[in-house]
Structures are given as C-alpha cells and as structure tokens.
Amino acid sequence: MTREEAGAYFKQLRLSRKLRLQDVIEGTTIPNVQYLSALEGGRYNILNSEHFPSLVQFFRLPREEIERIRPGTIVEIVAAPEVVIVVEPKQRRPLPDELQQAVEMYSTRYPDLAKPEWQDYLASFKNRSMEADTPEDWLDFYRNLVRFGVQPGQEN
C-alpha cells in the first residue's frame, strides 16, 4: 500500500465513523490536526509513522486488517481482545550463506527452518564463534537445539 493509499484509507475510516480530525487527535498520539491532515493526504507515510500503533488502537482494527494494510507488522493481543498492541517489525540480520542454503535444502523436511524466528536465532550464533561451515553443519546444529528443547525467544 502506498502512503497515499494508506492516508486515504485512514481518512475514509474516519469519515465512515463520522469523526472529526480533532476526535482522532484526542484519541491518539498524533500531536495536531495539521499533522493528521498531512498523514491522511499522503504527504507523510502513515504506515511508517510513530503514530501508526495509536491509530490502529483508536480505530480498533482487527489483526487481519492491520496485516493487510501493513504486511510484516507483528500484532499481539494482550489481556482483553479489544486491546491491540502493534509491535514494530524488527530488522532481520542477514543470514550466513551456508545457513540460507540449509534453509533452502532442508526446510521441506524441517519446516521450522523456514520460520524467521528460527533463522534469526540460528544466525545469532554465527556472531558467537559458531563453527558451521556447511549447510549440513547448520542442519546438525538446528537438530541438536531441537533435541534439547530449545525454542527461539525463550530463556533456556
């Protein structure tokens, strides 16, 4: 979605709910009407704005809609279903060539290898003097982690 399309989308959303610019300002972190108008007009990219999460919460957009308008956004529902927290996508580290080859060669048999969280977790070991020089070494390393019950993102 372009910034113009995103701005038009949020403007239409506001208008369909019969809200004034001031109503949105009061319910979000957007500082003033002029800035909201610039976002809606596509002069600034609403999807990259620091105010995107507060707009999502204000309009109570469902997970599917957030992912449609801004692919790659991680959405976490916390406590009550009406409370949505948008977690900004983090930059992924580049995968070592041999790890990328392992993913391409073995992810059909080991589907977790295709998951970004596993790839990032495995790639983080390359910076810790990991000695995986071949795709097979990476597969062996991955299989050992799984065998010991390691899951990316969990303290073990």
Side-chain angles (χ1 to χ4, degrees), residues 1-97 99-127 138-139 142-143 145-146 149-156:
M1 188 176 276
T2 67
R3 68 183 185 186
E4 292 82 9
E5 292 169 333
Y9 170 84
F10 278 96
K11 181 176 184 175
Q12 184 56 42
L13 197 57
R14 177 179 60 80
L15 294 174
S16 71
R17 296 181 185 190
K18 299 183 182 353
L19 296 169
R20 300 171 302 132
L21 290 168
Q22 188 62 39
D23 297 328
V24 177
I25 297 305
E26 291 170 2
T28 66
T29 61
I30 297 174
N32 56 53
V33 171
Q34 293 79 10
Y35 189 71
L36 176 57
S37 180
L39 288 169
E40 288 184 349
R43 290 186 296 282
Y44 301 116
N45 191 341
I46 204 166
L47 300 177
N48 293 335
S49 170
E50 66 184 282
H51 305 289
F52 179 76
S54 73
L55 278 167
V56 165
Q57 288 183 301
F58 178 78
F59 286 112
R60 297 180 184 263
L61 297 181
R63 173 190 312 258
E64 298 77 23
E65 188 64 7
I66 298 166
E67 292 170 350
R68 185 187 74 76
I69 63 176
R70 188 174 171 200
T73 300
I74 300 167
V75 178
E76 189 177 324
I77 309 284
V78 179
E82 66 274 359
V83 178
V84 175
I85 296 175
V86 177
V87 180
E88 299 299 319
K90 67 177 185 177
Q91 292 291 340
R92 294 195 56 212
R93 72 180 81 228
L95 298 182
D97 292 338
L99 176 54
Q100 182 62 47
Q101 290 170 7
V103 169
E104 292 165 5
M105 293 168 61
Y106 302 113
S107 62
T108 302
R109 184 165 181 195
Y110 302 98
D112 279 350
L113 274 177
K115 294 180 179 177
E117 56 270 16
W118 264 107
Q119 293 173 13
D120 290 343
Y121 186 68
L122 290 167
S124 73
F125 284 92
K126 187 66 176 178
N127 299 329
W138 281 106
L139 177 64
Y142 161 77
R143 290 176 63 200
L145 290 172
V146 170
V150 174
Q151 289 293 317
Q154 292 181 348
E155 295 296 321
N156 292 307

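Just so it is clear, the structure is predicted and the values come from calculations on it, not from any experiment.
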For the backbone of Pro62 and the side chain of Glu65, can you confirm whether one donor and one acceptor N or O come within less than 3.5 Å of each other? no
Check for a donor-acceptor pair, side chain of Ser16 on one end and backbone N or O of Gln12 on the other, with a separation under 3.5 Å. yes
Between Phe59 and Phe10, what is the ring plane arrangement, given parallel below 30°, perpendicular above 60°, and tilted in between? tilted
Is a donor on one side and an acceptor on the other found under 3.5 Å between the side chain of Gln119 and the backbone of Leu113? yes
For Arg109, I'd like to know if atom CZ has over 12 heavy atoms of other residues, nucleotides or ligands within 6.0 Å. no
Measure the CD-CG distance between Glu26 and Asp23 for me, rounded to the nearest 0.5 Å. 6.0 Å
Rounded to the nearest 0.5 Å, how far does CD of Gln151 lie from CG of Asp112? 7.0 Å
What closest approach, in Å, do Trp138 and Leu122 show between heavy atoms, and which atom pair accounts for it? CZ3-O, 3.3 Å
When you compare the side chain of Phe58 with that of Leu13, does any pair of heavy atoms fall below 4.5 Å? no
Determine the minimum heavy-atom distance between Asn32 and Ile25, stating which atoms define it. O-CD1, 3.2 Å
Thr28 and Leu36, any side-chain heavy atoms less than 4.5 Å apart: no
Beyond-backbone contact of Glu40 with Leu21, side-chain heavy atoms, under 4.5 angstrom: yes
The reported gap from OH in Tyr106 to CD in Gln101 (rounded to nearest 0.5 angstrom) is 10.0 Å
Hey, are the side chains of Val103 and Tyr142 touching, using non-hydrogen atoms and a 4.5 Å cut-off? no
Distance in Å, Lys11 NZ paired with Leu39 CG, rounded so as to fall on 0.5 Å steps: 12.5 Å
Backbone N or O of Thr29 within a donor-acceptor pair of the Ser54 side chain at under 3.5 Å? yes
Start with the C-alpha gap between Tyr121 and Leu145, add the side-chain angles, then the distance that decides, and say whether side chain to side chain contact (heavy atoms under 4.5 Å, CB included) holds. CA-CA 11 Å; Tyr121 186 68; Leu145 290 172; 4.0 Å; yes
Work out which heavy atom in Ala123 is nearest to a heavy atom in Leu99; give both atom names and the distance. N-CD2, 3.8 Å
Less than 4.5 Å apart, side chain to side chain, heavy atoms only: is that true for Leu55 and Leu61? no
State, yes or no, whether a side-chain contact exists between Tyr9 and Ile46 at a heavy-atom distance under 4.5 Å. no
Rounded to the nearest 0.5 Å, what separation is found between the CZ atom of Arg43 and the CD atom of Gln34? 10.0 Å
Tyr44: what forms a ring pair (Phe, Tyr, Trp, His ring centres under 6.0 Å) with it, not counting sequence neighbours? Tyr35
